[in-house]
Amino acid sequence: MKSAYFLVAFALLAFASSFVSAYDPSPLQDFCVAINDTKNGVFVNGKFCKDRELVVANDFFYSGLDEPGNTSSAVGSAVTPVSVEQLLGLNTLGVSLARIDFAPYGGLNPPHTHPRGTEILVVQEGTLYVGLVSSNQDGNRLFTKVLNKGDVFVFPIGLIHFQLNIGKTAAVALSAFSTQNPGTITIADALFGSNPAINPDVLTKAFMLEPNVVKYLQSRF
C-alpha cells in the first residue's frame, strides 16, 4: 500500500513539474530559430522553427542596444526590448533582455508586471528608485531600494514593480528575463485604457473613487 501511495505522489510531482517547465520549453536541439513563414516551419511554443540548414549567424544577432531610447513620452521613459520578436534566435532558449532609458529626475517605468518571466535589472548609468509589491497572500508588502551604477535588483515573475529616476541626469538600465517573451501588463493602461473600456461601475467600486474621477482617468488613457 505504501508503495502505491509513493507511486501516486511521484506521478503527481512529475505532472506538476511539467507545468513548471511550461513557461519556456527545454530545447531538445541546439537551436530553433523562429520564422514567420509557416510553409516549411514546425510550430514550437508560439513560433515556427526555421529549417536548420537555412540558419545563419544573423539569426543570433541584434544591433542597436547602445542607442538611447526616446524618453519624451508622458512617463519619461523608453523600453527597447530584445525578445524573440526582435531576435529570432532566442526562440525556445528561455532568455531575453531590454534596455530602459529614463529622462532626468522623474523618468518613470510605471507599475507593471511580466506574466511570463522574472526580471533582473542592472543600472548602467544614473540613480533609480525601484520597488515591487508582493501578492495579496503576502500582505501586498512594498520592497524598495535606491540603486546606483552597477547595482542589481530582481523582480519575481508576475509581481507589480516599477523604476523611477531620482537623479538629475538621464539614467539607463539593462534588464534580463527568464523567458524569451516576458510580456508586459502596465497596470494603469490595462485598467483605465482597456479596449473596450471596463464598465466605470467596476473601477469606481474597486478603487473607491467617484464616477467622474474614473471617467476622467479613462479619458486619459
| message | According to a hydrophobic-cluster definition based on side-chain heavy atoms being under 4.5 Å apart (Ile, Leu, Val, Met, Phe, Trp, Tyr only), do Phe102 and Val146 belong together? | response | no

| Qualifying residues under side-chain hydrogen bond (donor to acceptor under 3.5 Å, both in side chains), relative to Ser77, sequence neighbours excluded | none

| query | So do Val213 and Tyr216 actually touch side chain to side chain, heavy atoms under 4.5 Å? | reply | no

| field | Any Ile100 side-chain heavy atom under 4.5 Å of Leu121 side chain | value | yes

| Roughly how far, to the nearest 0.5 Å, is the CG atom of Asn91 from the CD1 atom of Ile35? | 11.0 Å

| request: Supply the atom-to-atom distance His161 NE2 to Ser134 OG, rounded to the nearest 0.5 angstrom. | output: 14.5 Å

| query | Is there side-chain contact between Lys50 and Asp59, with at least one heavy-atom pair below 4.5 Å? | reply | yes

| request: Measure the spacing between CD1 of Ile185 and NE2 of His114 and express it to the nearest 0.5 Å. | output: 10.0 Å

| message | Are the side chains of Asp151 and Lys145 in contact, using a 4.5 Å heavy-atom criterion? | response | no

| Would you call Leu159 and Val133 a side-chain contact if the rule is heavy atoms closer than 4.5 Å? | no

| field | Rounded distance (nearest 0.5 Å) linking atom OG1 of Thr80 with atom OH of Tyr62 | value | 6.0 Å

| Phe162 CZ: over 12 foreign heavy atoms closer than 6.0 Å | yes

| said: My understanding is that only residues two or more places apart in sequence, or in another chain, count here; which of them pass salt bridge (Lys or Arg N to Asp or Glu O under 4.0 Å) with Lys215? | reply: none

| Non-hydrogen atoms of Leu87 and Phe60 that approach each other most closely | CD1-C, 3.5 Å

| message | Hydrophobic clustering (ILVMFWY, side-chain heavy atoms < 4.5 Å, transitive) - are Phe153 and Leu174 grouped together? | response | no

| field | Straight-line distance of Thr184 OG1 to Asn181 CG, nearest 0.5 Å | value | 8.5 Å

| Contacts of Arg220 that satisfy salt bridge (Lys or Arg N to Asp or Glu O under 4.0 Å) - sequence neighbours left out | none

| Option passing side-chain contact (heavy atoms from CB on, under 4.5 Å) with Phe155 (candidates Ile120, Thr113, Val130, Thr118) | Val130

| task | Would you indicate whether Phe221, at its atom CZ, is surrounded by more than 12 heavy atoms from other residues, nucleotides or ligands within a distance under 6.0 Å? | result | yes

| said: How close do Leu217 and Leu209 get, counting heavy atoms only, and between which atoms? | reply: CD1-CD1, 4.2 Å

